[in-house]
Amino acid sequence: MTIHKEGKSLLFWMLIILAGLNFGLHQLLEGQETLLNVVLLISIVVYLLVLQFFRNPAIPIPQDPEFVYAPADGKVVVIEQTLEEEYLKDRRIQVSIFMSPINVHVNRSPITGIVRFFQYHPGKYLVAWHPKSSTENERTSLVIEHPSGVQLMVRQIAGALARRIKWYVKEGDPLAQGYEFGFIKFGSRVDVFLPLDAEVLVTPNQTTRGGITPIARLKGT
């Protein structure tokens with residue numbers, strides 16, 4: 001288990017601030033041990049909560065070209081047919097995974113392929129399960145082309161709390177299945193737009209693990 005690079009600076013300064021706060025209170029409130037112990041306990045709990053949010057566990061990297069793996073830890077909240085109008089311009093099966101603040105927030109590539117399209121969109125901060133969050137919230141759209149020629153889109157979506165989307169890819173980059181392509185801070189959602197002939201392997205409310213849970217099987221791969 002390691003700490004993700006997105007959290008190292010925040011955790012360092014948070015530790016300095018909390019340590020300084022507790023030291024200062026011990027100087028000002030000498031003798032009030034109960035209050036000081038409560039503040040110390042709250043400081044430790046808050047720090048541990050933020051620390052666990054930035055955890056980055058090692059996973060076995062999959063190498064299964066026929067499968068599409070979950071891009072994130074979380075819970076399946078949408079499985080439906082929809083029209084993807086931004087780039088693919090056709091009907092797709094949308095599988096959406098909601099990431100709560102307690103989930104690992106690393107985003108992983110569901111397939112191996114080449115990044116054919118990438119676009120960042122500023123936008124609103126509706127709650128991640130809102131029907132319009134997929135098209136109106138701050139988001140990124142990433143299209144990966146599988147070696148078989150199949151293309152699928154992965155969309156990072158900011159939520160009411162998650163106002164910081166990070167990505168580490170650009171158009172033309174090769175991307176290996178299971179490898180990290182981005183990070184979303186403090187809970188949000190990731191959508192995957194699959195071909196209509198893909199066999200969906202997950203069900204609503206199912207828990208997923210990024211790079212570990214297969215969410216679909218591609219035909220003809």
Would you say the side-chain atoms of [X] pair up with the backbone N or O of [Y], donor to acceptor, closer than 3.5 Å?
{"X": "Q177", "Y": "P110", "answer": "yes"}
{"X": "N22", "Y": "L18", "answer": "yes"}
{"X": "H146", "Y": "P65", "answer": "yes"}

Taking all heavy atoms of [X] and all of [Y], pick out the closest pair and write down the distance.
{"X": "I111", "Y": "F67", "result": "CG2-O, 4.0 Å"}
{"X": "K89", "Y": "L83", "result": "C-CD1, 4.5 Å"}
{"X": "T112", "Y": "P147", "result": "O-CD, 3.2 Å"}
{"X": "P71", "Y": "I97", "result": "CD-CD1, 3.8 Å"}
{"X": "A198", "Y": "A216", "result": "CB-CB, 4.5 Å"}
{"X": "A70", "Y": "R209", "result": "CB-O, 3.7 Å"}

Distance check, rounded to the nearest 0.5 Å: [X] atom [atom1] versus [Y] atom [atom2]?
{"X": "M153", "Y": "R92", "atom1": "CE", "atom2": "CZ", "value": "8.5 Å"}
{"X": "I144", "Y": "S109", "atom1": "CD1", "atom2": "OG", "value": "3.5 Å"}
{"X": "D191", "Y": "L142", "atom1": "CG", "atom2": "CG", "value": "12.5 Å"}
{"X": "T207", "Y": "D73", "atom1": "OG1", "atom2": "CG", "value": "9.5 Å"}
{"X": "N205", "Y": "F98", "atom1": "CG", "atom2": "CZ", "value": "12.0 Å"}
{"X": "H26", "Y": "L21", "atom1": "NE2", "atom2": "CG", "value": "10.5 Å"}

Lys/Arg N to Asp/Glu carboxylate O, R116 vs E145, below 4.0 Å: yes

Output yes when K219 and E66 qualify as a salt bridge under the 4.0 Å nitrogen-oxygen rule, no when they do not. no

Pair L41, V39 - check side-chain contact (heavy atoms from CB on, under 4.5 Å), show working. CA-CA 5 Å; L41 178 60; V39 173; over 6 Å; no

Is the number of heavy atoms from other residues, nucleotides or ligands under 6.0 Å of [X] [atom1] greater than 12?
{"X": "R217", "atom1": "CZ", "answer": "yes"}
{"X": "L35", "atom1": "CG", "answer": "yes"}
{"X": "Q63", "atom1": "CD", "answer": "no"}

Side chain proximity check, [X] to [Y], heavy atoms < 4.5 angstrom:
{"X": "M14", "Y": "V50", "answer": "yes"}
{"X": "L152", "Y": "F193", "answer": "no"}
{"X": "S96", "Y": "V192", "answer": "no"}
{"X": "V202", "Y": "V95", "answer": "yes"}
{"X": "P214", "Y": "V68", "answer": "no"}
{"X": "S141", "Y": "E86", "answer": "yes"}
{"X": "T203", "Y": "V76", "answer": "no"}
{"X": "I59", "Y": "R108", "answer": "yes"}

Classify the side-chain pair [X]/[Y] by whether it contains a donor and acceptor separated by less than 3.5 Å.
{"X": "E180", "Y": "N107", "value": "no"}
{"X": "E84", "Y": "T82", "value": "no"}
{"X": "Y69", "Y": "D64", "value": "yes"}
{"X": "S100", "Y": "N103", "value": "yes"}

Taking a hydrophobic cluster as the set of Ile, Leu, Val, Met, Phe, Trp and Tyr residues connected by side-chain heavy atoms closer than 4.5 Å, whether directly or through intermediates, do [X] and [Y] fall within one such cluster?
{"X": "L29", "Y": "I42", "value": "no"}
{"X": "I102", "Y": "L11", "value": "no"}
{"X": "V200", "Y": "V150", "value": "yes"}
{"X": "V46", "Y": "I17", "value": "no"}

Carefully, step by step, assess I165 and T140 under the rule side-chain contact (heavy atoms from CB on, under 4.5 Å). CA-CA 8 Å; I165 297 176; T140 67; 3.8 Å; yes

side-chain contact (heavy atoms from CB on, under 4.5 Å) evaluation trace for V190 with R155: CA-CA 6 Å; V190 181; R155 183 171 285 157; over 6 Å; no

Step-by-step ring pair (Phe, Tyr, Trp, His ring centres under 6.0 Å) determination, W167 to F181: CA-CA 6 Å; W167 60 91; F181 73 84; over 10 Å; no

Ring geometry between F117 and Y87 (parallel below 30°, tilted from 30 to 60°, perpendicular above 60°): parallel

Geometric class of the F183/H105 ring pair [parallel <30°, tilted 30-60°, perpendicular >60°]: tilted

Hey, mind stepping through Q206 and T208 against side-chain hydrogen bond (donor to acceptor under 3.5 Å, both in side chains) and telling me if it holds? CA-CA 6 Å; Q206 180 176 333; T208 63; over 6 Å; no

Out of the candidates I16, L10, L15, only one should pair with F12 under the side chain to side chain contact (heavy atoms under 4.5 Å, CB included) rule; please name it. I16

May I have the step-by-step check of side-chain contact (heavy atoms from CB on, under 4.5 Å) for L36 and L25, ending in yes or no? CA-CA 7 Å; L36 292 172; L25 289 176; 3.8 Å; yes

